[in-house]
Amino acid sequence: MGESVAEATITNWLKEVGDKIEADEAVLEIATDKVDSEVPSEVSGILVEQLFGKDDLVQVGQTIAIIETEGGDAPAAQSTVETAAPAEAIEIEKTIEAVKEASSVPQDFAGSDKFFSPLVKNIAKEEGVSVAELDNIQGSGKDGRVTKDDILKYIEDRKSGAVQAPKVAEEAPKTVVETPKTVQTPQPAVQKSQQAVPVSVNGGDEIIEMDRMRKLISGYMVASVQTSAHVQSFIEVDVTNIVKWRDKVKTAFEKREGEKLTFTPIMMEAVAKALKDFPGMNISVDGDYIIKKKNINLGMAAALPNGNLIVPVIKNADQLNLVGMAKAVNDLGNRAKAGKLKPDDTQGGTYTVTNVGTFGSVFGTPIINQPQVGILALGAIRKVPAVIETPEGDFIGIRQKMFLSHSYDHRVVDGALGGSFVKRVAEYLEAFDVDRDF
């Protein structure tokens, strides 16, 4: 997995219990923040146990399946396990039993008014924490949500006797017997499920559930706005020289390099230079700490054919010349559209650029890609009348111009830094050498 990937969701098991598996053969499919990938087997053997099911959230490093390999002396190995009972075998058995016991205890989270993350739910199932107990835990997260630390502390306190599990589950059957009319099918839960799936009154509307990626994007965007104090700076840039230079060399560039030359790598080159000049924009925030990034890794927001968004990352962008930048931009863009990005392709970004001009937008106010502190939107290039300053005086002429929209995190980036950075990007673009080679 990517260096910063901490968890993944199992989306599909490609092999079932009892199936024979070859080394490097895909066993299951997983999904991280935005990328889907297959998990291959490291050994050949038979799949004897699946420790997690479809849609389960799994932490990196956890055991997800057990494969029985073919040994040279199977009877001797079996005898050793039966007589010596190694600690590894005992731990595996305990893990299997714990998972089986947890999965056999049904928990209906729909009956709770609180939101619980998949990780908290998994811990609750494994530790036998009921929904009623979860409801009584005072969460330290946003809006009182129960965090991983909250439930682990509760479990520790319960084991030590500091708290006792509520007896709601034991008393519920008595209530049903005594007042069956009062405790009919829970109406609030039914009403919630009906509200969660809106119904078209006239039958002409189509109701579509968000796919997994759209749900993730939705959560990240809301979390980013709630986390960072967004401020925007805008600057207009004259890119006439860049337009003329690209028109002059694009055919030769494609013939020599086998790659199309778009405006994006030219813009990314200027951004990478500006980040070297202003390292205060190449940082991230972790609580009360600021982390200065050593490498300049540029995220490149890309729209997918299904309408979703993904941000592949150009690693060490400041070390690439224009040809290398063009190849990186085209490679990541093509693989993003084809759904062939690897988990590491979207990890480690330190600053993000998004090209809103592709869709005709003049400028925009993009949302910061956490935990970064800035994102630059490239507006559409337009022919506009402009004042041209010359030694002979000012004239009105037709120029190619665009807007740069810079969103930055006001918690750690003030207007002086945010404005100076985007101004430096503009200066690099306007000072573009029309006689340069590619």
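Only this structure's heavy atoms are used, side chains among them; waters, hydrogens and symmetry mates stay out.
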Next on the checklist: Hydrogens and angles aside, do Thr147 and Asp149 bring a side-chain donor and acceptor to less than 3.5 Å of each other?
Outcome noted: no

Item to check | Residues Arg212, Glu29: salt bridge by 4.0 Å N-O rule | outcome: no

Item to check | Ser41 side chain to Glu25 side chain, donor-acceptor N/O pair below 3.5 angstrom | outcome: no

Item to check | Heavy-atom side-chain proximity of Thr11 to Asp55 below 4.5 angstrom | outcome: no

Checklist entry - Are Lys250 and Glu254 ion-paired here, with the side-chain N under 4.0 Å from a carboxylate O? => result no

Next on the checklist: Is the distance between the ring centroids of Phe421 and Tyr351 under 6.0 Å?
Outcome noted: yes

Next on the checklist: Strictly below 4.0 Å, N to O, side chains only: are Arg158 and Glu133 in salt-bridge contact?
Outcome noted: yes

Next on the checklist: Assess whether a salt bridge exists between Arg335 and Asp331, defined as any Lys/Arg side-chain N lying under 4.0 Å from an Asp/Glu carboxylate O.
Outcome noted: yes

Checklist entry - Hey, are Glu156 and Lys159 close enough for a salt bridge, meaning a charged N less than 4.0 Å from a carboxylate O? => result no

Checklist entry - Can we say Asp277 and Lys273 salt-bridge, meaning some charged N sits less than 4.0 Å from an Asp/Glu carboxylate O? => result no

Item to check | Electrostatic pair Asp344:Lys342 at N-O distance under 4.0 angstrom | outcome: no

Checklist entry - Between Tyr408 and His410, how do the two ring planes meet: parallel, tilted or perpendicular, split at 30° and 60°? => result perpendicular

Next on the checklist: Counting only heavy atoms from other residues, nucleotides and ligands, does the tally under 6.0 Å from CD of Glu236 exceed 12?
Outcome noted: yes

Item to check | Tyr154 vs Gln138 side-chain heavy atoms within contact, under 4.5 Å | outcome: no

Checklist entry - What pairs meet the ring-ring contact (aromatic ring centres under 6.0 Å, His included) rule with one or both residues in residues 241-277, with sequence neighbours excluded? => result Trp245-Phe432, Phe253-Phe438

Checklist entry - So, do Leu322 and Pro265 sit near enough that their side-chain heavy atoms are less than 4.5 Å apart? => result yes

Item to check | Residue pairs fulfilling side chain to side chain donor-acceptor pair (under 3.5 Å) with at least one residue in residues 358-368, sequence neighbours excluded | outcome: Asn355-Thr358

Item to check | side chain to side chain donor-acceptor pair (under 3.5 Å) contacts in which one or both residues fall within residues 371-381, not counting sequence neighbours | outcome: Thr352-Gln372

